[in-house]
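Read through the structure below, which is laid out as structure tokens, and then see the notes.
In what follows, residues are counted from 1 in the order of the sequence shown.
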Amino acid sequence: GANVPAFFFLHIEAVKGAVAQLDCKITGTAPFEITWLKNKKPIASDQKYKLMSQDSIARLEIQSFDTTDIGDYQCVISNDVGKVITKATAKLKDPPTFSKRVESVTAVLGNTVKLQGMIKGSTPITVKWMKDSEILRDDDPNIKMLFENNVASLLITTVAISHGGKYSCQAENEAGQQKCEATLTLFMPKLFILKIVLSQNLPDLRVKWFKDGKEMISGRKYKITLKDNIATLKILAAEKGDTCEYKMEVSNKVGKDQCTYRTMPPAFTKSLKRVDGNIGNDVFMDCKVSGSQPMTITWFKDDQEVVSGARFQPEFKESSAILRITCLEKADSGVYKCRATNSAGFKETSGTLYVREPPAFTVKPDNQDVIPGTTVSFRAAFTGTGPLTVKWFREEKEIITGGTYFIKKDASSSSLELHSVKPTDSSKYTCQVSNDAGKVDCTAVLFVKEPPTFVRKLEATKLITSGDSHRLECKVNGSPVISFKWFKDEMEISTSTKYTITLIDLVAILEIVNCTVEDSGDYVCVASSEAGSDRCTSTWLVRLEKCYINENAVHYIILY
């Protein structure tokens with residue numbers, strides 16, 4: 001019987017601009033129907049994609065692979081018996097990059113030094129080292145080059161003068177190349193002077209100096225003197241080999257005496273530590289060092305030597321090395337290194353200075369006047385060293401999200417939203433931002449306009465005699481600007497010889513002269529503003545009085 005198709009499919013990494021190829025090796029009973037999909041969408045053969053099938057191989061070629069071709073690809077193969085689906089991911093090869101760059105170093109002649117960096121990227125990666133633009137080869141027995149576990153290293157076992165200079169590490173793969181440069185600086189110790197004061201100033205004294213038991217002779221490297229009862233040994237251009245035991249022997253005809261001295265390389269008894277400081281303040285970086293004198297102290301920031309000046313003030317006293325930095329600036333943040341050097345070598349310690357920036361507002365919330373029912377948003381933006389703590393207050397009470405309040409926060413901004421505000425939400429709102437360096441706040445005032453409300457209304461009903469003049473009067477409270485309109489039987493009233501309309505301190509007055517029966521009806525005053533409206537109503541009944549005289553009496557007829 002027929003066999004179900006089966007195949008083998010590989011994930012691929014492609015080089016940008018090159019042809020990428022996906023292959024399936026098919027087994028099973030032909031004929032086969034082959035369908036290719038990218039991100040679940042069918043692929044048709046065109047200038048970009050070429051679909052091929054030959055013998056037991058189904059192939060998809062992607063021309064000039066780029067970022068748009070990254071994705072999940074599927075191959076669906078079926079025959080009369082069934083079908084199988086598989087998928088693979090196609091992605092670009094990553095060019096090499098230095099996740100840890102090669103750092104510049106200073107080395108003492110005769111010591112061992114290592115330059116190294118960490119590289120990531122798609123394999124295989126090849127690494128080569130260059131010195132002063134010349135490719136380094138393995139013909140120097142003092143140099144070893146390795147690339148293992150993504151770490152490229154250059155080891156110089158015994159540093160010579162010829163090793164000083166600029167080095168570059170170049171990593172390369174199919175996707176590209178990356179170069180990192182570093183400098184190897186040779187340390188040439190300064191003049192080393194050893195002085196011994198003799199207890200007696202006797203005539204005909206002879207002084208001898210010994211280095212590891214071997215007598216030293218004055219010459220180009222060593223200068224031996226005896227003057228004013230002081231025996232002096234000067235070592236010119238001291239190097240690692242000069243770290244040893246020295247013995248001075250003084251003698252005359254009567255006898256001799258001796259003393260020994262051993263040069264001790266620097267050692268830090270107290271290392272530099274992390275220091276936090278606020279912008280504008282002063283800080284101290286301090287450490288303690290032991291070792292033979294004379295000793296030189298040098299300070300570095302991010303591998304650049306610190307120059308003494310008004311803001312940077314180094315001091316070395318009684319084994320304490322101190323760097324005072326005044327009036328801190330943001331740019332002063334970094335890694336500081338103290339290097340102690342004497343004729344026996346050098347030692348370094350490092351610590352990080354974090355300059356904290358107090359918070360400051362770049363955007364402050366605005367005062368707002370709104371109508372009831374509005375959604376209000378107060379927004380503040382700020383700078384400062386994190387972590388920053390942001391709080392919102394209404395008057396002196398802290399606000400938390402819930403009910404009508406909603407607070408949003410991110411690294412450099414925050415907003416307070418109030419939903420469906422009411423006049424009772426009118427208040428002062430404050431945003432407060434703080435960190436270890438300080439605290440700032442800014443305030444905005446929310447005024448929710450109060451809709452008009454009649455506090456003194458029209459009389460509900462009023463009986464008026466014809467021919468008289470009368471007036472309607474009512475008073476309203478609310479946020480300005482408030483406008484008033486008068487209506488009689490739903491028809492608006494305008495000022496005329498009949499009607500006089502006045503407004504005095506939110507008191508609305510309608511005066512009607514020479515009332516007649518036709519003036520009977522429903523009178524309405526409407527007060528409105530953008531915040532809302534209110535109305536009050538009064539019903540008038542105008543009565544008509546007539547009289548006549550007969551023989552017996554005077555009669556009054558009152559008509560309603």
What residues, two or more places apart in sequence or in another chain, satisfy side-chain contact (heavy atoms from CB on, under 4.5 Å) together with [X]?
X    : answer
R535 : V524, V526
P451 : P372, P423, A531
T539 : T461, D522

* **Those residues that, when tested against S479, pass side chain to side chain donor-acceptor pair (under 3.5 Å) (two or more places apart)** =>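 Here no residue qualifies.
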
* Asked: Can you tell me if NZ on K347 sees more than 12 non-hydrogen neighbours from other groups inside 6.0 Å?
  ->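 It does not: K347 NZ has 12 such atoms or fewer within range.
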
* Whether over 12 other heavy atoms sit under 6.0 Å from K457 NZ ->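 It does not: K457 NZ has 12 such atoms or fewer within range.
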
* So among C431, S414, S413, which one has a side chain to side chain contact (heavy atoms under 4.5 Å, CB included) with R379? ->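 The residue from C431, S414, S413 that satisfies side chain to side chain contact (heavy atoms under 4.5 Å, CB included) with R379 turns out to be S413.
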
* **Distance-only polar pair, side chains of S528 and S483, donor-acceptor under 3.5 Å** =>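 Side chains of S528 and S483: pair found under 3.5 Å.
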
Show every salt bridge (Lys or Arg N to Asp or Glu O under 4.0 Å) that has at least one partner inside [range], sequence neighbours left out.
range            : value
residues 427-436 : R356-D436
residues 482-504 : K498-D519
residues 359-375 : none
residues 468-481 : R456-E473, R471-E473

* Which residue pairs pass the ring-ring contact (aromatic ring centres under 6.0 Å, His included) test when at least one of the two sits in residues 296-327, sequence neighbours left out? ->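 Found none.
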
Distance-only check: which donor-acceptor pairs under 3.5 Å involve side-chain atoms of residues 115-129, not counting sequence neighbours?
from, atom 1, to, atom 2, distance (Å)
S122, OG, E13, OE1, 3.4
S122, OG, D94, N, 2.7
T126, OG1, E172, O, 3.4

* Tell me, please, which residues at least two apart from E181 pass salt bridge (Lys or Arg N to Asp or Glu O under 4.0 Å). =>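 With sequence neighbours excluded, E181 shows a salt bridge (Lys or Arg N to Asp or Glu O under 4.0 Å) to no residue whatsoever.
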
* Flag side-chain contact, heavy atom, 4.5 Å: I493 against F487 ->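 A side-chain contact is absent here, since even the closest heavy-atom pair is not under 4.5 Å.
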
Show me the donor-acceptor pairs within less than 3.5 Å that the side chains of residues 380-391 make with the rest of the protein, sequence neighbours left out.
from, atom 1, to, atom 2, distance (Å)
T385, OG1, K330, NZ, 3.3
T385, OG1, E357, N, 2.6

